[in-house]
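Source: prediction; values computed, not measured. Each chain gets a letter, A, B and so on, in the order the sequences are listed, and its residues count up from 1.
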Amino acid sequence: MTLRLYDTATRTEREFQPLTPGKASIYLCGPTVQSAPHVGHLRSAVAFDVLQRWLERSGYQVTLVRNVTDIDDKTLVKAAEAGWEWWAWALRYEREFQAAYAAVGVRPPAAEPRATGHIPEILAMIERLIDNGHAYEQGGSVYFDVRSFPGYGSLTRQALDDLSPAQDSPIESKRDVHDFALWKATKADEPETASWDSPWGRGRPGWHIECSAMAQRYLGDSFDIHGGGLDLRFPHHENEQAQSHAAGYGFAKLWMHSAWVTQSGAKMSKSLGNGLLVSEVLAQHEPAALRLALAAVHYRSMLEYSTSTLDEATAQWGRFQGFVTRASEKVGAPSAAEVSAAELPAAFVEAMDDDLGVPRALAVIHETVRAGNAALTAGDDQAAAATLLAARAMLDVLGLDPAAPEWATEKAGASTAAMAALDFLVKADIEARATARADKDWATADAIRDRLAGAGIVIADAADGARWSLASEA
RNA sequence: GGUGGAGUGGCCGAGAGGCGAGGCAGCGGCCUGCAAAGCCGUAUACGUGGGUUCGAAUCCCAUCUCCACCUCCA
C-alpha cells in the first residue's frame, strides 16, 4: 500500500508520486503576521507537520517551505494605529507564531522565507508575466490579466462571470474587475520603508505573488505538494496557480487544504474576532493536549472546539503518558533509534496511507495501549515491551511520543533540579504514609495524601509502592 | 447568484452496502483499607420522506437544516 492524498484540484484521492523519487517538496502558506496566533492557525500547522512526519517515516526526504507574509494592508494599518513601525509589528507576531508552533511540537520548516526578503524574485516574476502578456501596468501598479489566461479558475472551478469582483484595488484602474494586483504602487500615507523600487516606480508586492516567487526560488519550477487552510483556496491559491502557470512554471502537482476550527459551528477567524488565542489556551492546558486535540480530527473535517475539547484531549494524553511511564519503568525505555525503526501495526499504516487517517490511526494506538496496560497487569513483560515500542512509534508519527524530548520537561516548566528536590521531599511523606498504612492507620495515611493533593501532588498506590505525580491541570 | 462542504449514540468523532472504529462522560463489575490508575462489561446512533437491494448510516430521487469561499483569513 502506498500513500494516497486527497487533491483539492481534482477532488480525488491520488497516489503520491513525487517528482524526484525518494524526495517530497512541500510549500505551505504560513501566517500573515499582523496579529497573535489562534488555535485555528495551529491546526493547519499541525496537520502539515503530521504530513511531513508521515512522509519521512515512509522514507521520503522532505523539504517543507513555509512562508511568512510580513507585509500587507492590515499589517500597515494596525502598526500605524499602534504607533509601531510596521516591520517591528510584523516581527513581533512572527516570533509569537514561531513560539506557538514550537510549543505544540511543530518542527521548524526547511526554509521560512519572508515576502519582503524576496523583492527581486517577485519583480522578476512580474516582469516575466508582463512579457508573456498576462500582466499590465496601470498607474504604477501591475495587475494580472485574468482574461488573458484561459486556465484561470481551474483550481476551484470558478467561472469568471459568476464571481464577485475582486476588491483589492480600485476597479476603475483595471481592465477586468477580477484582475488582481501583482504590484501595488505606494500610497501617500504609507511609510517610506513599506515600498521598494521597481520598473513601475515605488511600490510593494501584492498578496499572491510572493508565494509564487518564493516557491519557485526554493522548490523550483514544479514541486509536489502545496498546502494551506481551506479558506486560501480562493482567491489566494487560484491566483498563485494562475501566476505561476502563466509565467510558464509547472508549480504544484497536488493541493492539500486543511479545514478550520469551529465554535458552535461557526469558523474561528481573525476577522470575526472569535479566535481562541494560543497564549490563552496554553495558560490552562498542556501543549501536548492541544496538539492532540488538533490532530485528532481528520484534517479535512471541521474541528468543533468546545470547553470539553481540551479536557478530553488531556485525559487521552494522560492515558498515553501513563502507559508509557509505567511500561518504561517495568520493562525499560526503548531508545529513540529503536522507536523510529520499529515496525508499525498494519492498521495504523493503512489509516495513515489513506489520506492521513489520523482518527483511525489513533484508534489503533488506543487499542495498543489497552493491550499494553493489560500486559502490565498480567505481568507479561514481553508483551508489555512490544506494545510500548509500537505505541511510542505510532505516537511519534503524530508528534505525540510522551517520551520525546519536547514533552519531557514540560511539567509546570520545572527544572530537573527542582523536580529532584521535590521528589526528595515527597518521598519522605510517602514513606510516612507507607508506615501508617502498614499499621492500618488509615486516618493518618489519608491525611498525608490529602495534604499533598492540596499542593497539586497526586499519590497513586501500587503493588510495588506509591508513586507521585503533579496534577496535570492548572 | 456561482463554487464547495456538513448533518452519526449524552458529547467529540471514524466509517462508507452485510460482523455496531476509537475517545470522553455515564452505569455495573474486578482490583484497592478507601481512592487513583488499569482491566472487563454496558448504547432501540446514522437530519426527514420515498426508492433500489436478500440486506443501506453507506447507492438513487426528493426535501429540510447548517457552514464556508467568491473582501482579509489557517
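No contact: A:A378 has no heavy atom under 4.0 Å from any strand. As judged by a 4.0 angstrom heavy-atom cut-off over every strand, A:H236 is placed among residues making no nucleic acid contact. In this structure, A:G40 reaches the bases: a heavy-atom distance under 4.0 Å links it to at least one base atom across the strands shown. Within 4.0 Å of A:V261, counting heavy atoms only, lies at least one base atom of the nucleic acid.
Between B:C59 and B:U71, the two P atoms lie 33 Å apart (nearest whole Å). Of the P atoms belonging to B:A25 and B:G38, the separation is 9 Å, rounded to the nearest Å. For B:G23 and B:C64, the P atoms lie 39 Å apart once the distance is rounded to whole Å. For the P atom pair drawn from B:C69 and B:C61, the interatomic distance equals 28 Å after rounding to whole Å. For the C1' atoms, the distance from B:G20 to B:A45 is 9 Å, rounded to whole Å. When the C1' atom is used for both B:A21 and B:C12, the distance is 14 Å, rounded to whole Å. Rounded to whole Å, the P atom of B:G9 lies 37 Å from the corresponding atom of B:C72. Distance noted for atom P between B:G15 and B:A68: 23 Å (whole Å).
B:A14 is unpaired under the Watson-Crick or G-U wobble criterion, no partner having all donor-acceptor distances under 3.5 Å. Under the Watson-Crick and G-U wobble criteria, each requiring two contacts below 3.5 Å, nucleotide B:G28 is paired to B:C40. Remark: B:C34 base-pairs with no nucleotide; criterion is Watson-Crick or G-U wobble with both hydrogen-bond distances under 3.5 Å. B:C59 is paired with B:G51 under the criterion used here, namely a Watson-Crick or G-U wobble arrangement in which both key atom distances are under 3.5 Å. Of the nucleotides present, none pairs with B:A21 by Watson-Crick or G-U wobble criteria with both distances under 3.5 Å.
Of the candidates B:A74, B:C72, B:A14, B:A14 carries the atom nearest the A:V297 side chain, counting heavy atoms from C-beta on. Side chain of A:P235, nearest nucleotide from B:A21, B:A74, B:C72: B:C72. Nearest to the side chain of A:E367, among B:A14, B:A74, B:G22, sits B:G22.
With sequence neighbours excluded, no residue forms a ring pair (Phe, Tyr, Trp, His ring centres under 6.0 Å) with A:F48. By the ring pair (Phe, Tyr, Trp, His ring centres under 6.0 Å) test, A:F323 is found to be paired with no residue, residues two or more places apart in sequence or in another chain being considered. Listed by chain and residue number, A:W89 satisfy the ring pair (Phe, Tyr, Trp, His ring centres under 6.0 Å) test with A:Y93 (two or more places apart in sequence, or in another chain). The salt bridge (Lys or Arg N to Asp or Glu O under 4.0 Å) check on A:R467 picks up A:E329, with sequence neighbours excluded. Residues meeting the ring pair (Phe, Tyr, Trp, His ring centres under 6.0 Å) test with A:Y6, sequence neighbours left out: none. For A:T75, the side-chain hydrogen bond (donor to acceptor under 3.5 Å, both in side chains) partners two or more places apart in sequence, or in a different chain, are A:D72.
For residues 354-364 of chain A, the set of pairs meeting the salt bridge (charged side-chain N to carboxylate O under 4.0 Å, His left out) definition, not counting sequence neighbours, comprises A:R4-A:D354, A:R300-A:D355, A:D354-A:R360. Pairs of residues two or more places apart, or lying in two chains, that qualify as side-chain hydrogen bond (donor to acceptor under 3.5 Å, both in side chains) and include a residue from residues 387-397 of chain A are A:R392-A:D401.
A donor-acceptor pair under 3.5 Å is absent between the side-chain atoms of A:K184 and the main chain of A:G203, judged by distance alone. Using a distance-only test at 3.5 Å, with no hydrogens or angles considered, a donor-acceptor pair links the side chain of A:T309 to the main chain of A:S306. Looking only at distances, a side-chain donor or acceptor of A:D176 sits under 3.5 Å from a matching main-chain atom of A:H178. Judged by distance alone, with hydrogens and angles left aside, the side-chain atoms of A:S212 form a donor-acceptor pair with the main-chain N or O of A:E240 at under 3.5 Å.
For the pair A:L230 CG and B:A74 P, the computed distance is 13 Å after rounding to whole Å. Following rounding to the nearest Å, A:Y305 (OH) and B:C24 (C1') show an atom-to-atom distance of 15 Å. When rounded to the nearest whole Å, the span between CD of A:E238 and P of B:C72 equals 14 Å. Going from atom OH of A:Y299 over to atom C1' of B:G13 covers 17 Å, rounded to whole Å. Atom pair A:L362:CG and B:G15:C1' shows a separation of 15 Å (rounding to whole Å applied). Taking atom CZ on A:R360 and atom C1' on B:A16, their separation rounds to 11 Å, with Å as the unit. Rounded to whole Å, the distance from CG on A:L277 to C1' on B:A74 is 14 Å. Atom CZ in A:F234 sits about 14 Å away from atom C1' in B:C72, given to the nearest Å.
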Using a cut-off of under 3.5 Å, enumerate the N/O to N/O pairs linking the protein to nucleotides 25-28 of chain B.
none

Anything under 3.5 Å between a protein N or O and an N or O of nucleotides 2-7 of chain B, put it in a table, one pair a line.
{"unit_1": "B:G2", "atom_1": "O2'", "unit_2": "A:D162", "atom_2": "OD2", "d": "3.4"}
{"unit_1": "B:U3", "atom_1": "O2'", "unit_2": "A:T156", "atom_2": "O", "d": "3.1"}
{"unit_1": "B:G4", "atom_1": "OP1", "unit_2": "A:R11", "atom_2": "NH1", "d": "2.8"}

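With hydrogens and angles ignored, no donor-acceptor pair under 3.5 angstrom links the side chain of A:Q316 to the base of B:G23. Between the base of B:C67 and the side chain of A:K267 there is no donor-acceptor pair shorter than 3.5 Å.
For the pair A:C29 and A:S306, nearest-nucleotide mapping onto RNA chain B gives the more 5' position to A:S306.
The two residues A:G229 and A:S44 make their nearest non-hydrogen contact at N-OG, 4.4 Å.
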Ignoring hydrogens and angles, write down the donor-acceptor pairs under 3.5 Å from the side chains of residues 97-109 of chain A, residues two or more places apart or on other chains.
{"unit_1": "A:Q98", "atom_1": "NE2", "unit_2": "A:E112", "atom_2": "OE1", "d": "3.2"}
{"unit_1": "A:R107", "atom_1": "NH2", "unit_2": "A:E56", "atom_2": "OE1", "d": "2.6"}

Nucleotides 30-43 of chain B: protein proximity per nucleotide (B base, S sugar-phosphate only, - neither; heavy atom, under 4.0 Å): ---BBBBSSSS---
